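Note sheet for the following structure.
Order of the sequence lines fixes the chain letters, A, B, ..., with proteins taken first and strands second; residue numbering starts at 1 for each chain. The shown structure was predicted, so the numbers you read here are calculated from the model rather than taken from an experiment.
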Amino acid sequence: MISHRSAAGMLLLASALLGASALSAPAAERPGRAQASLAKGKEIYARECAACHGVKGDGEGPGAHIVNPKPRNFILGVFKLRTTPSGQPPTDDDLLRTITQGIAHSAMPSFRELPEADRRALVGVVRQFADIKTAPRPIAIPAAPEVSAALLEKGKTVYTALKCQTCHGDTGTGDGASSLTLKDDAKGRIWAPDLTTGVFKSGDDAKALYARIATGLDGTPMPSYASQAKPDEIWAVVHYVRSLAKR
Amino acid sequence: MLSRRDMIGASMGFAACGGSLALAGAALAQASSYVPGAVIGGGIDGIVRVGDNLSAAEQIIIGKDNHICGEGHATPDPVTLSDERGLKNAVVMIKDIARGKPWAKRERFDIVQEKCVFHPYIQFAPRSFELSILNKDPVLHNIHAYEIIGRARRTLFNIAQPQANQVDRHKVALTRGSIIEIDCDAHNWMSAWIVTSDHPYVAVTDSAGRFAIDDVPAGEFELVAWHPGLGSMSTRAKVASKARAAATISFGA
């Protein structure tokens, strides 16, 4: 996890680069460190990421047109895999997790083999492209309940009550009534995924699935349910969705 | 049939013909610091018209939840004309006006989903406001708002409302663009728009295509009309002190 110190440094640096505020004297040494990290990050970015995400971070690298979904355009500042409310930028931890794990069902590779410091430096590069100046706050995710037959039964009821079937279909296979007309932000065709494969963008991690359902996948039709479903309902539906793969 | 994307593209064609405007979003971009003053009197009365050579707007089959949404086809962004070809639901605003009448900024705006239609279809608001969102239908609507930035659109928020009579309040603050598009992914014909402004000199045309903008200071202004299906078009209007000026904005020949 990014330390308070370096996160603050990065923030200061971002505002310095934007000419937004004068740096106060005691903080002056921090941007120096963050700057070095950002410079390193940019080097790694050019080598590892630019082929897909583009030199300018606009998602138009030479390899971009052959993959679907397309590499993210960082400039627009819209991210799918967040623990922050709908419409908010991701946290540094969210970005670090994505860079470390990659994204299943897509061309986005895992960069686990890069040293952690390098992956953190890349987080700074993505933040700068996306013009993320704040420190976004994650939603509260309460402790996971024990998985039981009763919980899965409840999850099934919640799935129907929250009308997930509209897009994902009655049995979660992605054939809902609205699934044929879904579009992403760029108005490209997008599908409600089959939830029974057991493979999710950020693995089978229950907490990640909680965040997906509570905050949505920005840039796609998958909406945020945080305001209209209670935490125990979201947990129940998370475990119901995870159980679909095991049937 | 034109898709909605083509329609926005087409709007840029219009703008290029007009010779003044480049992008749908940029067309309405404003100077950011408005200085309110005293009541002025006078104003602009106008009409927005559309020429004959207009392509058909996109129609979409109402293909789900028919017991609530009705049957047949729907047009997301209809070009609705009066007998005199006056255009309904165009937003008209004075471009770059830095000072003028008092401005009591409204802070809360409403949008309602009923029988799979958004109400109101189009409205104007300041750059930041709170949107109160009500779903009256017993089907899932997911209100999905985007900020339009030139040719791109970016998600502002996307909220599921699976049950009838659910209300959400969401704070909106535009940073890059000035137009908000609102869709429902579950019902792809549903469409609404919010145009934001840095000053109070904005109006929406009525079913005759008419609009009135009051308390305009004396001077010469660029007046821009924007419609989701047609893009933007502008004209100039000269307002004498405390007098009412007439203006006509025409899309196409």
Checking B:Asp185 against A:Thr166 for the side chain to side chain contact (heavy atoms under 4.5 Å, CB included) test, could you report, in this order, the C-alpha distance in whole Å, the side-chain angles of both residues, the deciding distance, and whether it holds? CA-CA 10 Å; B:Asp185 295 291; A:Thr166 308; over 6 Å; no
Over 12 foreign heavy atoms within 6.0 Å of [atom1], [X]:
| X | atom1 | result |
| --- | --- | --- |
| B:Lys136 | NZ | no |
| B:Glu107 | CD | no |
| A:Arg137 | CZ | no |
| B:Glu114 | CD | yes |

Pull out the residues in residues 67-75 of chain A that come under 4.5 Å of chain B, heavy atom to heavy atom, sorted by number. A:Ile75
Contacting moiety of [X], where chain A heavy atoms sit under 4.5 Å:
| X | answer |
| --- | --- |
| B:Leu140 | both |
| B:Ala152 | side chain |
| B:Val167 | backbone |

Considering all heavy atoms of both residues, which atom of B:Ala160 and which atom of A:Gln228 are nearest to each other, and what is their separation? O-CG, 3.2 Å
Could you tell me whether the side chain of B:Asn158 and the main chain of A:Pro221 form a donor-acceptor pair under 3.5 Å? yes
Side chain of A:Asp185, backbone of B:Thr155: donor and acceptor closer than 3.5 Å? yes
Counting heavy-atom pairs closer than 4.5 Å to chain A, which one of B:Asp65, B:Thr175, B:Asp168 comes out on top? B:Asp168
One option among B:Gln161, B:His170, B:Arg176, B:His187 has the most heavy-atom pairs under 4.5 Å with chain A, and it is B:Arg176
Any residue meeting side chain to side chain contact (heavy atoms under 4.5 Å, CB included) with A:Asp184, in chain and number order, not counting sequence neighbours: A:Ala186, A:Ile190
Can you tell me which of A:Ala229, A:Cys167, A:Gly219 forms the most heavy-atom pairs within a distance under 4.5 Å of chain B? A:Gly219
Of the listed A:Ala161, A:Gly87, A:Ser86, the one with the largest count of heavy-atom pairs under 4.5 Å with chain B is A:Ser86
Atom OG1 of A:Thr215 and atom CZ of B:Phe157: how far apart are they, to the nearest 0.5 Å? 15.0 Å
Distance check, rounded to the nearest 0.5 Å: A:Lys187 atom NZ versus B:Arg151 atom CZ? 11.5 Å
Proximity breakdown for [X] and chain B, heavy-atom pairs closer than 4.5 Å:
| X | answer |
| --- | --- |
| A:Leu182 | side chain |
| A:Thr181 | both |
| A:Thr220 | backbone |

